[in-house]
Amino acid sequence: YIGDTAAGNTDASLYFADAWGGVTYANNIVVRAGNSGQAIISMFDSRFTGLTHSGTVALSKDVTFVNNCRWGSLGEGGDVGEATYVRLTQSGAITGTGNVNYSGIGAATFSGLNTYTGATNVNGGYLSITGTSNTNLGNFHVSGGELFVASDGSLGNAANTITLGSPGNFGGLGTYNGATAINRAVIVTGNGGVIASRGQGGPDITGVISSTSSSARLIYAASGNLVYATGYFDANNTFSGGLTVADGTLDVNGSGNYG
């Protein structure tokens with residue numbers, strides 16, 4: 001259990017420790033409501049191969065996953081920065097009701113079948129969602145760091161939207177190898193957003209891309225040296241902060257305002 005059911009505002013943290021090699025923890029976790037303090041799941045001192053929690057996480061309030069570990073020689077390697085980080089993997093389902101937050105400077109993966117009701121907030125680091133049949137209900141906000149998804153189904157309910165950026169920060173959205181359709185609205189706010197590709201095919205954004213102000217910029221960038229990666233904007237977009245293609249190729253098929 002994480003959190004006290006008695007009234008109060010005491011934070012409760014669960015730290016997974018791994019001295020030198022990757023291990024898997026299988027115990028289920030219940031995040032209890034009642035206390036208004038934060039519930040935190042974190043990885044401590046995991047090296048080289050990272051750490052996996054294969055049990056479920058059942059929410060009755062918000063939970064924050066944190067990974068500040070970045071020492072290691074193994075990683076997915078598709079992103080130059082992320083390749084140096086060891087990974088916290090939540091392979092069990094996340095269920096219940098509450099917001100799911102990710103923060104830190106490290107990398108994490110949600111690979112289970114997620115069904116929770118609540119927003120997903122990425123406040124730093126790298127979060128990859130590799131499950132492709134999620135049904136979670138709640139919008140995504142990448143206020144800092146990067147969110148990578150394996151498919152549109154990684155993002156849960158079709159009504160869920162994605163907001164990129166916050167005041168002073170860019171938020172990133174990317175996909176893995178091969179052209180991957182993102183069939184939902186993308187909102188650019190704050191400093192703006194980055195649409196990224198990790199492989200030879202980039203994201204295919206079929207939902208409308210809009211912005212909250214003319215200062216919220218949008219950047220398309222192929223990952224690393226994959227300058228041949230092609231992304232697609234297919235909707236009649238309405239964002240007004242300007243569009244920059246940093247590298248790779250962007251195929252704009254829809255009409256609309258691009259700043």
Side-chain angles (χ1 to χ4, degrees), residues 76 78-82 100-103 107-110 114 119-132 134 136 138-166 168-212 216-224 226 229-235 237-239 241-252 254 258-259:
E76 292 186 359
D79 182 283
V80 174
E82 188 184 6
V100 175
N101 307 307
Y102 179 70
S103 63
T109 295
F110 295 166
N114 297 321
T120 305
N121 301 301
V122 181
N123 301 313
Y126 304 87
L127 175 61
S128 298
I129 304 179
T130 59
T132 58
N134 295 324
N136 51 293
N139 296 330
F140 289 75
H141 187 188
V142 188
S143 61
E146 298 180 61
L147 171 66
F148 282 93
V149 297
S151 74
D152 188 72
S154 303
L155 295 162
N157 188 281
N160 297 344
T161 63
I162 308 166
T163 297
L164 303 177
S166 61
N169 292 301
F170 282 86
L173 171 67
T175 58
Y176 294 99
N177 289 338
T180 302
I182 303 296
N183 305 317
R184 59 193 69 230
V186 177
I187 303 156
V188 185
T189 190
N191 273 27
V194 178
I195 305 293
S197 169
R198 260 190 180 164
Q200 297 182 24
D204 182 358
I205 310 295
T206 63
V208 173
I209 306 173
S210 63
S211 60
T212 60
R217 295 173 290 163
L218 186 62
I219 299 170
Y220 174 78
S223 184
L226 299 173
T230 300
Y232 303 86
F233 290 175
D234 290 335
N237 297 310
T238 63
F239 66 88
L243 172 64
T244 300
V245 179
D247 53 32
T249 301
L250 179 64
D251 189 341
V252 178
Y258 290 87

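Since this is a predicted model, take the numbers as computed values, not measurements.
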Exercise. Ignoring hydrogens and angles, state whether a donor on the side chain of S143 or N169 is under 3.5 Å from an acceptor on the partner side chain.
Key: no
Can you give me the closest heavy-atom contact between [X] and [Y], atom names plus distance?
| X | Y | answer |
| --- | --- | --- |
| N134 | N114 | OD1-N, 2.8 Å |
| P203 | I195 | CG-CG2, 3.7 Å |
| T238 | S210 | OG1-CB, 3.2 Å |
| G171 | L164 | O-CB, 3.6 Å |
| Y126 | Y102 | O-CE2, 3.7 Å |
| T230 | Y220 | C-OH, 3.6 Å |

Name all residues meeting the side chain to side chain donor-acceptor pair (under 3.5 Å) criterion together with [X]; count only those two or more places apart in sequence or in a different chain, and write none if there are none.
| X | answer |
| --- | --- |
| D251 | none |
| R184 | D152 |
| S211 | S240 |
| D204 | none |

Rounded to the nearest 0.5 Å, how far does [atom2] of [Y] lie from [atom1] of [X]?
| X | Y | atom1 | atom2 | value |
| --- | --- | --- | --- | --- |
| T120 | F140 | OG1 | CZ | 4.0 Å |
| T244 | I219 | OG1 | CD1 | 5.5 Å |
| F148 | L127 | CZ | CG | 10.5 Å |
| L155 | T132 | CG | OG1 | 11.5 Å |
| I182 | D234 | CD1 | CG | 12.0 Å |

What I'd like to find out is whether the side chain of [X] reaches to under 4.5 Å of the side chain of [Y], using heavy atoms alone.
| X | Y | value |
| --- | --- | --- |
| L173 | V142 | no |
| S128 | T109 | yes |
| N121 | V100 | no |

Where the side chain of [X] meets the backbone of [Y], is there a donor-acceptor pair that is under 3.5 Å apart?
| X | Y | value |
| --- | --- | --- |
| N237 | F239 | no |
| S154 | G131 | yes |
| N160 | N136 | yes |

Quiz prompt | Listed partners of T161 passing side-chain contact (heavy atoms from CB on, under 4.5 Å), at least two apart | solution = N139, A185, I187
Quiz prompt | side-chain contact (heavy atoms from CB on, under 4.5 Å) against N191, all qualifying residues, sequence neighbours excluded | solution = F170
Quiz item: Mind checking what makes ring-ring contact (aromatic ring centres under 6.0 Å, His included) contact with F110, not counting sequence neighbours?
Solution: F65
